[in-house]
Amino acid sequence: MNIFNFYLNKIKKAVLKNIKILEIEKFDNSINIQVENPPLEFNSDLSTNVAMVLAKKYKKNPKIFADLLKKILEKEINDFKSVEIAGAGFLNITLTDSILIELIKDIFKDPNKYGSNKLKNKYNIEFVSANPTGPLHVGHCRGAIYGDVLSNLLKFNGGSVVKEYYINDYGKQIYNFTKSVYLRIREIKYKEKFINNDDLYPGEYVKDIAIVILENNPKMDFNNFDQLFDKLKKLSLDESMKLIKTDLKKLGIIHDNFISESDLVNKDLIKKTVKKLEDKEFVKKGFLERPKGEEDKNWKKTERLIFKSTMFGDDSDRALQKNDGSWTYFANDVAYHSNKIDRNFDILINILGADHIGYIKRITSAVDALSNKRTKLYCKVCQLVKLFKGGQPYKMSKRAGDFISVNDLLKEVNKDSIRFMMLNRNNDVELDFDFEKVVEKTKENPVYYVQYCFARISSIFRTIKIDYENEIKIKKNTLKFNEYEIKLLRKVLNWPKVIESASFKYEPHRIIYFLYELATLFHGYWSKGNENNKYKFIVDGKIKDSSFIVLKLVGIVIKNGMGIIGVSLPSKM
RNA sequence: GCGCCCUUAGCUCAGUUGGAUAGAGCAUCGGUUUUCUAAACCGAGGGUCGUAGGUUCGAAUCCUUCAGGGCGCGCCA
């Protein structure tokens, strides 16, 4: 249960019931009050700004409302032990001991779901979608993990999520890639020298793909590229996607769905989609201005079909056709998004790299146009990852045409650390990734810090010989928690709110920060036992009920949180 | 020229549907292990929240100006 939302409703009801005493005319949803976690030093469970919000609305001193509301809330809501006025008019609320136990019992009923707000949205999350022309590199890694964890998060919060990968297996790049494989094959088979140029893919992995294809197709004739193209393209793409899927799997990422661009083209979906837009009169035949940025040698002033995206807030209208009349990448992507819309998702999310920022407006315009603004598309951008080693910018030695791949990364750093560190920042700021720090086993490496917290909890359970997974039944109606336990308990009760805000904003890094803070409180409490036996968890082989319950609660939150991040939780370190 | 993002402690960053004395980590300095895991803990110093205005009882958060940094600006994908 999310206690903040729960008591928000109770407070609203209590206020509504007493509008006469408060001398206000009405109280409805237009008045946006908040219930949240007060800072630690105020030593209370909840706080609300209702007095201040009313003061603003009715132009009175917040103190007047606060005094009245204190009495009203104490009288109307049995769960409130006391209500204190603080600061500019905050009401700080302490819950009764018995309701605290009820809240804990509620968590123990279904611990694996504790934190979920049980929303029922249907999401499609498209992420990675790297061109199938080679293995993943570090740049893809952040978006991949962000997308995967966001999916876990939204699922945990009750949503249904389809994780999707759009394979750009159509167009010039794929032609060039296939040609590169072809030339590497001829290099191996006929000792022809591979001559690199800007259009080709020179990477070593292309040789590896060529070798595999040669082995699997001993009788194939490699003399006429044009005749061979369709077949070789398929073979090359299959190998390429195998590499990508293997890399993703090593990072713990498995997509539900792979959608092929060529498939959409072959099924005539582009024509159908453009027709839909034409019917809505969002398409015109005409000319576009020469683009402002870098000079484009291939630019021609030719009449073509254009999507009127400026009607939806884009900076300029966008071409659906190239100058030879074939469809643009954008046209294909619009068709793909039309397909997503037809699958009845509530919310579409695209995870993009920073270099695609300029693309967002046109594709959201297209989704608005096609769905009559009913389906929402959110594009989340991941900024660059800057690699460091011991504080110095890091470049791995690499062969011509290769790049720092996910594979290279995994040779030095384990999956858990990569996943945790890649989420250690808001997605729209640049992230420094230091190879040295990330393998350190100290507080500087937050993944260990949080894992260690769970290992310590597990160690207590081992010592008292209770299986951590056992169900816990509380018999008592009240329990005496010490000051450290109360702090941990309040933090634990804040967990559903963290899930709520992280889901609402699509910001999984909030979970990382929360887990770190929870771990800090826990390690602090643990160390108190070194200074004072009074704070030891285990005395004479036995544990106090209150400590036991708090340990279990912290464990539940860490387990659920790390489950979302997709990081393991060793019981011993 | 235009669009999006960023600017918070020496460094790297949290914190924005406007709220309490602006928080962490690192670095610096000083402490804590016969003890349930020191991969840990405790303490100290460190801030005109880029600039200048505006709205408000109240602004890191909203609006406007300017400056600095990043990414883009295709009829590539």
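Atom set for the values below is all heavy atoms of this structure, side chains included, hydrogens, waters and symmetry mates excluded.
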Contact class for A:N176 (heavy atom, under 4.0 Å): base, sugar-phosphate, or nothing? nothing

For a quick check, tell me whether the side chain of A:T328 and the base of B:A77 share a donor-acceptor pair closer than 3.5 Å. no

Determine the contact category for A:K437: base if any of its heavy atoms lies under 4.0 Å from a base atom, sugar-phosphate if only primed atoms, P, OP1 or OP2 are that close, otherwise nothing. nothing

Report yes if a side-chain nitrogen or oxygen of A:R362 is closer than 4.0 Å to either non-bridging phosphate oxygen (OP1 or OP2) of B:G72; otherwise report no. no

Can you tell me if the side-chain N/O atoms of A:Y525 get under 4.0 Å from OP1 or OP2 in B:C36? no

Name the nucleic acid region contacted by A:Q451, choosing base, sugar-phosphate or nothing; use a 4.0 angstrom heavy-atom cut-off, strictly under. nothing

Less than 3.5 Å between a donor and an acceptor, one on the side chain of A:N49 and one on the base of B:A20, is that the case here? no

With the six-membered base ring of B:A24 as reference, does the ring of A:Y513 sit under 5.5 Å away with planes under 30° apart? no

B:G3 base to A:K361 side chain: any donor-acceptor pair below 3.5 Å? no

Given B:A77, B:C71, B:G15, which nucleotide is nearest the side-chain atoms of A:E507? B:G15

Checking all strands, does A:D432 fall into the base, sugar-phosphate, or nothing category for heavy-atom contacts under 4.0 angstrom? sugar-phosphate

Nearest-neighbour nucleotide for the A:I538 side chain, B:G19, B:C76, B:C36 considered: B:C36

Within the structure, does a side-chain N or O atom of A:K380 lie under 4.0 Å from either OP1 or OP2 of B:C5? no

Closest to the side chain of A:W526, out of B:A38, B:C13, B:A77, is B:A38

Suppose we define a pair by two distances each less than 3.5 Å, Watson-Crick or G-U wobble; what does B:G53 pair with here? B:C63

Among B:A20, B:A39, B:C75, which is the nearest nucleotide to the side chain of A:A86? B:A20

Mind checking A:Y359 for me? I need base, sugar-phosphate or nothing, with any heavy atom below 4.0 Å counting as a touch. base

The side chain of A:T463 is closest to which nucleotide in this list: B:C36, B:C75, B:G15? B:C36

Measure from OH on A:Y452 to C1' on B:C36 and round the result to the nearest Å. 11 Å

Just checking A:T133: base, sugar-phosphate only, or nothing, at a heavy-atom cut-off of under 4.0 Å? nothing

Looking only at the side chains, is there a donor atom on one of A:E485 and A:Y535 sitting less than 3.5 Å from an acceptor on the other? no

Heavy atoms only, 4.0 Å cut-off, all strands: where does A:G524 land among base, sugar-phosphate and nothing? sugar-phosphate

When you check the gap from the basic side-chain N to the acidic O, do A:K528 and A:E531 get nearer than 4.0 Å? yes

Using a cut-off of 4.0 Å on non-hydrogen atoms, how would the nucleic acid contact of A:D428 be classed: base, sugar-phosphate, or nothing? sugar-phosphate

Comparing A:Y535 and A:P62 on RNA chain B - which has the more 5′ nearest nucleotide: A:Y535

May I ask you to establish whether A:K380 and A:Y506 are in a cation-pi arrangement, using a distance under 6.0 Å from NZ or CZ to the six-membered ring centre and at most 45° from the ring axis? no

Does a side-chain N-to-carboxylate-O contact under 4.0 Å join A:E430 and A:K386? yes

So, OP1 or OP2 of B:A38: does either fall under 4.0 Å of a side-chain N or O from A:R456? yes

Which base, if any, makes a Watson-Crick or G-U wobble pair with B:A44, both distances under 3.5 Å? B:U28

Taking any heavy-atom pair under 4.0 Å as a contact, classify A:A319: base, sugar-phosphate, or nothing. sugar-phosphate

Select one nucleotide: of B:A20, B:A77, B:C71, the one nearest the side-chain heavy atoms of A:L384. B:C71

For B:U28, does the glycosidic angle fall within 90° of 0 (syn) or outside that (anti)? anti

Check this one for me: any side-chain N or O of A:Y329 less than 4.0 Å away from OP1 or OP2 of B:A77? no

At less than 4.0 Å, is any side-chain N or O atom of A:W327 found next to OP1 or OP2 of B:C75? Yes or no. no

Starting at atom CG of A:N32, determine the distance to atom P of B:U16, rounded to an integer number of angstrom. 15 Å

With heavy atoms under 4.0 Å as the rule, sort A:R318 into base, sugar-phosphate or nothing. nothing

With the side chain defined as heavy atoms from C-beta on, A:R425 is closest, among B:C71, B:A14, B:U56, to B:A14

Given the ring of A:F312, does A:K361 sit roughly above its face, with NZ or CZ under 6.0 Å from the centre of the six-membered ring and within 45° of the axis? no

With no hydrogens and no angle check, do the side chains of A:H337 and A:N350 hold a donor and an acceptor under 3.5 Å apart? yes

When you get a sec, tell me which of B:C41, B:C5, B:G58 is the closest nucleotide to the side chain of A:H523? B:C41

Between B:A22 and B:G46 - C1' atom distance, rounded Å: 14 Å

Identify whether any heavy atom of A:S316 sits under 4.0 Å from a base atom; if not, whether one sits that close to sugar-phosphate; answer base, sugar-phosphate or nothing. nothing

Of A:T48 and A:A55, the one whose closest nucleotide on RNA chain B sits nearer the 5' end is A:T48

Counting the atoms with a prime plus P, OP1 and OP2 as sugar-phosphate, which does A:N332 contact under 4.0 Å by heavy atoms, base, sugar-phosphate, or nothing? nothing

Of all the nucleotides listed (B:A20, B:A14, B:C57), which has the minimum atom distance to the side chain of A:F42? B:A20

Using the side chain to side chain donor-acceptor pair (under 3.5 Å) rule, take A:Y525 and A:N482 through it: C-alpha gap first, then chi angles, then the decisive distance, then the call. CA-CA 10 Å; A:Y525 181 25; A:N482 69 36; 3.0 Å; yes

Taking the six-membered ring for Trp, is the centroid-to-centroid distance between A:Y449 and A:Y516 below 6.0 Å? yes

Walk me through it: do A:L551 and A:F522 pass the test side-chain contact (heavy atoms from CB on, under 4.5 Å)? CA-CA 9 Å; A:L551 281 177; A:F522 175 80; 3.4 Å; yes

Could you check which of B:A77, B:C36, B:C42 has an atom nearest any side-chain atom of A:H356? B:A77

Say you pick atom P in B:A44 and the same atom in B:G50; how far apart are they, in whole Å? 27 Å

